[in-house]
Amino acid sequence: QVQLVESGGGLVQAGGSLRLSCAAAGRTSSRHVMGWFRQAPGKEREFVAALKWGGTSTYYADSVKGRFTISRDSSKITVYLQMNSLKPEDTAIYYCAADSMLGIGTIPRNYNYWGQGTQVTVSS
């Protein structure tokens with residue numbers, strides 16, 4: 001079992017930045033993948049970024065490459081999503097997700113553990 005708690009969402013103007021945090025508790029291992037997803041009103045939940053807890057590679061959706069950065073603090077068992085150059089289309093509820101898997105999952109059903117979500121609103 002893994003418990004996830006997100007924080008850091010809010011309202012920001014286009015071009016601004018936010019940093020989301022996801023604190024994990026419970027049993028994690030090097031096989032765990034930590035991912036960020038988002039869901040805008042009326043749309044399906046979509047992949048944003050992910051990293052392997054036991055590795056160094058990071059993965060991003062094309063829509064956020066070059067603007068968002070996923071990172072971790074192993075001592076705090078926390079994953080971050082630094083979001084720069086935000087656009088109105090980034091507005092969504094952002095969810096942290098985790099699960100043990102081979103490779104990297106980029107669809108929601110790859111993950112069994114989810115946080116409660118944090119709202120990010122980007123005004124134009």
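Sequential numbering from 1 along the given sequence is applied to the chain's residues.
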**Message:** Using a 3.5 Å distance criterion without hydrogens, assess whether the side chain of Thr118 forms a donor-acceptor pair with backbone atoms of Gly9.
**Reply:** yes

**Message:** Checking one residue: Ile107. Which other hydrophobic residues are in its cluster under the side-chain 4.5 Å linking rule?
**Reply:** none

**Item:** salt bridge (Lys or Arg N to Asp or Glu O under 4.0 Å) pairs, two or more places apart, involving residues 47-64
**Value:** Asp62-Lys65

**Request:** Answer yes or no: is there a donor N or O on one side and an acceptor on the other, between the side chain of Tyr113 and the main chain of Leu4, under 3.5 Å?
**Result:** no

**Item:** Heavy-atom check, side chain of His32 versus side chain of Val2, under 4.5 Å
**Value:** yes

**Request:** Any chance you could lay out the ring-ring contact (aromatic ring centres under 6.0 Å, His included) test for Phe37 and Tyr95, step after step, and finish with the verdict?
**Result:** CA-CA 5 Å; Phe37 287 77; Tyr95 296 92; 8.8 Å; no

**For Ala40, side chain to side chain contact (heavy atoms under 4.5 Å, CB included) partners two or more places apart** = Lys43, Ala92

**Prompt:** Residues two or more places apart in sequence or in another chain: which of them pass salt bridge (Lys or Arg N to Asp or Glu O under 4.0 Å) with Glu46?
**Reply:** Arg38

**Prompt:** Looking only at atom types and distance, does a side-chain atom of Tyr60 sit under 3.5 Å from a main-chain N or O of Ile70, one as donor and one as acceptor?
**Reply:** yes

**Message:** I need the minimum non-hydrogen distance between Trp53 and Ser74, along with the two atoms involved.
**Reply:** CZ2-CA, 4.0 Å

**Message:** Once you measure the plane-to-plane angle for Tyr94 and Phe68, does it fall in the parallel (<30°), tilted (30-60°) or perpendicular (>60°) bin?
**Reply:** tilted

**Item:** Where at least one partner belongs to residues 67-86, residue pairs that pass salt bridge (Lys or Arg N to Asp or Glu O under 4.0 Å), sequence neighbours excluded
**Value:** Arg67-Asp90

**Prompt:** With sequence neighbours left out, which residue pairs that include part of residues 10-105 fulfil the disulfide (SG to SG under 2.5 Å) condition?
**Reply:** Cys22-Cys96

**Asked** Taking the side chain as C-beta and beyond, is there a heavy-atom pair between Leu86 and Leu18 under 4.5 Å?
**Response** yes

